[in-house]
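First the proteins, then the strands, lettered A, B, ... as listed; each starts at 1.
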Amino acid sequence: MTLGSLWRARRVSTVPGSENRLSKAQIESVLVAFSAADWQRANLISRRLCEGVTGWEPSDLLQEALTSFLAENRVWPADLPPLVVLKTAMHSISSNARKHNQASPIDGNVVLDPVALSDDAGVSPIHGRVDATPDATLAAKEQIVAIYAALGGDEELELLVMMWADGVRGTEAMQELGWDAKQYDAARNRLVRRLKAMNPDGGASK
Amino acid sequence: MNKKLSEFDNFIDSLVDELMAMSDDEVLDGENPEAVRGEGLRLLSAAKIQAGKARLAAARSGVAASRSPLASVHAAVSVSDARHFLANARNDSRYTFAARNLGELTDDEVLSLYAKIKSLEGKKTEGHN
């Protein structure tokens, strides 16, 4: 049974209640069934979400997300793909960690900030739908700027990032770009490779 | 395209979708599958230990919690009954509360919300007497 069929098999009624979320044992069984590629997907997502969170490695963020589910501090909806559930949790945790860093007397983000800010702006790499403050908006822009900066001027990749940042992906992005499937897949693989090579705090490491 | 999300949010959502669409070989891109899965399972194991410690800490504070108002709710109503009550209350014009999906609430959050509504009901009843 594939991971996809495993979570789909657990989809049940949409009536609000405990029946449409996974129990601790079910969460564990989903995670134990993760293939190497699933773990790699989770790693790649954690690398992007961990960007600019002082003192956190991507694996710390992923582990924290796993812990929050196993400690039943967070609900795992049964009707969502596991990677989407993990992404949402990691996004929330990283956003909170940035707020914590911001509240700390020592602003550990200063060194890691990849984009120059005005003198009085402070440094607050917060992003995400969790928090739509001006600081969060600025931080989200910084993270996108860091991604563009890591592309080394590869125009194809810049176009692809532009599409994804606009919420256009898959076949729709391929058609808008006027690419065939082979060109799209090659660019996507190259982009993922670049993202993997980025330091968690921004710029390209390799 | 979702205009409400930032470009970064859109990018991350796209990345997740695309990673799920990519083949396992493309995602692994030459990495050793056993090593990658082993590291994932190590994180899972560490998370289980950490979660166990958190539960132990929670159990230790159980005595204090048992004196809280929520504890009396625990004793008075089951979680499923509280969820059922809230699901009905959401469609009842006498109650207005945030339209967060009840399925997303933890058991404690459900019981806490139930307790608050019941408490308000009690005050309202007292006010009428």
Side-chain angles (χ1 to χ4, degrees), chain A residues 14-18 20-21 28 31-32 34-45 48-49 59 62-64 66-67 69-75 77 81 83-84 87 91 127-129 136-137 140-141 143-144 147 161 163-170 173 185 188-189 192-193 195-196, chain B residues 1-29 31-44 46-55 58 79-80 83-84 86-87 90 101-107 109-110:
Chain A
T14 54
V15 175
S18 57
N20 63 346
R21 60 205 180 122
E28 267 194 63
L31 293 169
V32 167
F34 259 31
S35 66
D38 291 324
W39 284 114
Q40 181 72 347
R41 290 179 178 98
N43 287 335
L44 289 165
I45 297 163
R48 285 304 94 232
L49 289 172
S59 58
L62 180 53
Q63 185 182 323
E64 193 62 27
L66 298 175
T67 302
F69 287 114
L70 295 175
E72 298 178 286
N73 294 329
R74 219 172 262 279
V75 170
L83 284 169
V84 172
K87 180 269 297 181
H91 200 163
H127 70 76
R129 66 202 70 177
T137 305
K141 284 181 182 168
Q143 286 171 299
I144 275 291
I147 289 167
V161 169
M163 282 288 143
W164 288 9
D166 236 10
V168 182
R169 55 244 201 194
D185 288 352
R188 181 176 62 186
N189 291 346
V192 169
R193 214 169 285 139
L195 295 174
K196 187 179 158 195
Chain B
M1 175 168 65
N2 191 336
K3 287 283 185 190
K4 288 179 182 174
L5 300 182
S6 73
E7 283 190 322
F8 182 72
D9 283 331
N10 276 330
F11 179 83
I12 287 293
D13 287 353
S14 298
L15 177 64
V16 172
D17 277 359
E18 296 281 357
L19 286 171
M20 289 195 293
M22 288 167 72
S23 71
D24 286 2
D25 283 347
E26 284 176 321
V27 170
L28 286 169
D29 192 31
E31 296 264 0
N32 179 345
E34 285 178 18
V36 172
R37 187 162 188 271
E39 173 61 12
L41 292 176
R42 187 194 67 75
L43 288 180
L44 177 58
K48 280 170 72 173
I49 293 168
Q50 205 176 326
K53 284 179 182 171
R55 275 198 302 275
V79 174
S80 63
R83 281 187 189 280
H84 186 67
L86 292 175
R90 200 162 50 169
N101 188 342
L102 288 177
E104 294 174 7
L105 299 181
T106 64
D107 290 349
E109 285 171 334
V110 164

Distance, nearest 0.5 Å, that separates [atom1] of [X] from [atom2] of [Y]:
X        : Y        : atom1 : atom2 : result
A:Ile144 : B:Phe11  : CD1   : CZ    : 6.0 Å
B:Leu5   : A:Asp166 : CG    : CG    : 11.5 Å
B:Ile12  : A:Arg48  : CD1   : CZ    : 7.5 Å
A:Gln143 : B:Asp9   : CD    : CG    : 9.0 Å

Exercise. Against chain A, work out which of B:Ala51, B:Pro33, B:Ser14 has the most heavy-atom pairs shorter than 4.5 Å and name it.
Key: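 Among the listed options, the one with the most contacts to chain A is B:Ser14.
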Quiz item: Who wins among B:Asn32, B:Leu41, B:Val110, B:Ile49 for the most heavy-atom pairs under 4.5 Å with chain A?
Solution: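 The option with the most such pairs is B:Leu41.
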Measuring only between side-chain heavy atoms, which start at C-beta, is [X] closer than 4.5 Å to [Y]?
X       : Y       : answer
B:Phe8  : A:Leu49 : yes
A:Gln40 : B:Asp29 : no
A:Leu70 : B:Gln50 : no
B:Asp24 : A:Arg41 : yes
A:Leu66 : B:Leu43 : yes

Practice problem: Evaluate the criterion side-chain contact (heavy atoms from CB on, under 4.5 Å) for residue pair B:Leu15 and A:Leu44; output intermediate values, then yes/no. | Solution: CA-CA 9 Å; B:Leu15 177 64; A:Leu44 289 165; 5.6 Å; no
Quiz item: Which of these passes side-chain hydrogen bond (donor to acceptor under 3.5 Å, both in side chains) with A:Arg169: B:Asn10, B:Asp13, B:Asp17?
Solution: B:Asp17
Quiz prompt | Nearest non-hydrogen partners of A:Trp39 and B:Leu44, listed with the distance | solution =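 Answer, listing the atom of A:Trp39 first, then B:Leu44: CH2-CB, 4.3 Å.
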Practice problem: Considering non-hydrogen atoms only, spot the tightest contact between B:Ala21 and A:Arg188 and give its length. | Solution: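 Looks like CB-NH1, 4.0 Å.
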Quiz item: Do you know which of A:Leu195, A:Val75, A:Ile45 has the most heavy-atom pairs with chain B at a distance under 4.5 angstrom?
Solution: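 Top count of heavy-atom pairs under 4.5 Å with chain B: A:Val75.
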Self-check item: Structural part of A:Leu62 lying under 4.5 Å from a heavy atom of chain B
Solution: side chain
Quiz item: Where the side chain of B:Arg37 meets the backbone of A:Phe34, is there a donor-acceptor pair that is under 3.5 Å apart?
Solution: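 Pair found, side chain donor or acceptor close to backbone of A:Phe34.
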Quiz prompt | salt bridge (Lys or Arg N to Asp or Glu O under 4.0 Å) evaluation trace for B:Arg55 with A:Glu72 | solution = CA-CA 9 Å; B:Arg55 275 198 302 275; A:Glu72 298 178 286; 5.1 Å; no
